[in-house]
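These notes concern the structure reproduced below.
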There are 2 protein chains.
Amino acid sequence: MINSRFAVAIHILSLIASGPREKVTSEYIAGSVNTNPVVIRRITGMLKKAGLLQSQVGTPGAVLTRDPVEISLLDIYLAVQEKEDLFSMHENPNPQCPVGKNIQSALEDTFHTAQTAMEKELASKSLQDIRTRMAL
Amino acid sequence: MINSRFAVAIHILSLIASGPREKVTSEYIAGSVNTNPVVIRRITGMLKKAGLLQSQVGTPGAVLTRDPVEISLLDIYLAVQEKEDLFSMHENPNPQCPVGKNIQSALEDTFHTAQTAMEKELASKSLQDIRTRMAL
DNA sequence: ACCTATGTAACCATTATAGTTACAATTGGT
DNA sequence: ACCAATTGTAACTATAATGGTTACATAGGT
């Protein structure tokens, strides 16, 4: 199961896209998400590192670096996910066994295809699409 | 990240599809997967509950209930996944806030679409496809 | 100077996962 | 009838990821 950072990140970016900068502090966002401000700042840090927003110590709030139409859900997803593989493999299957020897390469390709199908779907939706769905 | 039970389950079913029944004991499978026999029996239990294989206390091994061509990777995936949602949501966003109020329903649909894209890909591949890739 | 906010580090509680030990129940061979 | 082997589970452990929390250094705005 994919962690809730993705959902929270979309929530955060939606707020930043809407509010005036000074309003969307980590404190304020935390109030909307219903969590601790540090959790927000942690995720904000990931989004910043990915180049999706800008912020500064001492200056309240944050701003998007580009238009919500230009931010795909895949951009957001990749920003907050540390593992780049969606599926896990078991380590060290027995190479003496025909199945153990070949299972990994066989699965690698299949897993990659499935992951790509999901990511393609995320790539086709923008932050603005989500905002529109919320009637913002 | 999706747990390795899925990969192990495919491994297990591949062995059962190949070997003669008496040979593919949990002990033998564990040797190929490189783990503990109980881990194998645990996953085998899930696959059995999903109707993908048959086994009996006292009788070594297991058999598939249908042809590998008729077992999709989605069947296997669903058999070993307990949560049916791929994406997590944050609980209790603030209903006083326009975003907090609408984020969940907005994401629900989007997440569902992305998950479906991935599952559709898994549904299009069979256990036999994997076996073929392993040259079995 | 003072207040407020960001950015991090450090720590904790909870949960999922995989591995392990132990054992009851059942089958088949002798 | 007995024994060995095997499945099916329960229970426990270790590890890692996650989210929440406290604490604090740093920077801006008044």
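None of the values given here were measured: they were computed from a predicted structure. Sequence lines set the chain letters: A, B, ... in the order given, protein chains first and strands last, and positions in each chain run from 1.
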Using a 3.5 Å cut-off and no angle test, enumerate the donor-acceptor pairs between side-chain atoms of residues 30-40 of chain A and protein atoms at least two apart in sequence or in another chain.
from, atom 1, to, atom 2, distance (Å)
A/S32, OG, A/H11, NE2, 2.7
A/N34, ND2, B/N92, O, 3.0
A/N36, OD1, A/V38, N, 2.9

Would you list the atom pairs, donor with acceptor, under 3.5 Å between side chains in residues 78-87 of chain B and any protein atom, with sequence neighbours excluded?
none

Without placing hydrogens or testing angles, list every side-chain donor-acceptor pair under 3.5 Å for residues 95-104 of chain A, not counting sequence neighbours.
from, atom 1, to, atom 2, distance (Å)
A/N102, ND2, A/P98, O, 2.8
A/Q104, NE2, A/H90, O, 3.3

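With hydrogens and angles ignored, the 3.5 Å screen pairs no side-chain donor or acceptor of B/T59 with any backbone N or O of B/S55.
What separates CD1 of B/I43 from P of C/dT17 is a distance of 11 Å, to the nearest Å. Here the P atom of nucleotide D/dT18 and the CZ atom of A/F6 are 15 Å apart, to the nearest Å. For the pair A/Q54 CD and C/dA5 C1', the computed distance is 15 Å after rounding to whole Å. At whole-Å resolution of the value, CZ in A/R5 and C1' in D/dG19 are 9 Å apart. Taking atom CZ of residue B/R21 and atom C1' of nucleotide D/dA5, one finds them 14 Å apart after rounding to whole Å. In this structure, the CD1 atom of A/I2 is 12 Å from the P atom of D/dG19, given to the nearest Å. A/E91 places its CD atom 14 Å from the C1' atom of C/dG19, with the value rounded to the nearest Å. In this structure, the CG atom of A/N3 is 18 Å from the P atom of D/dA16, given to the nearest Å.
A sub-4.0 Å separation between OP1 or OP2 of D/dG8 and a side-chain N or O of B/T44 is absent. OP1 and OP2 of D/dT6 both lie 4.0 Å or more from every side-chain N or O belonging to B/T25. At the phosphate of D/dG19, OP1 or OP2 sits under 4.0 Å from a side-chain N or O atom of A/S4.
B/E22 approaches B/T25 most closely through the heavy-atom pair O-CG2, 3.6 Å.
Annotation: salt bridge (charged side-chain N to carboxylate O under 4.0 Å, His left out) contacts involving residues 124-136 of chain A, sequence neighbours excluded, comprise A/E121-A/K125, A/R133-B/D109.
With the nearest nucleotide of DNA chain D identified for both B/S88 and B/G45, B/G45 has the one nearer the 5' end.
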Footprint string (nucleotides 20-30 of chain D, 5' to 3'): B base within contact, S backbone only, - free, heavy atoms under 4.0 Å: BBBB--BBS--
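Nucleic acid contact class of A/K49 (heavy atoms, under 4.0 Å, all strands): none.
Contacts of A/R66 classified as salt bridge (Lys or Arg N to Asp or Glu O under 4.0 Å), with partners at least two apart in sequence or in another chain: A/D75.
Distance from the side chain of B/K48 is smallest for D/dG8 among the nucleotides D/dT7, C/dT17, D/dG8.
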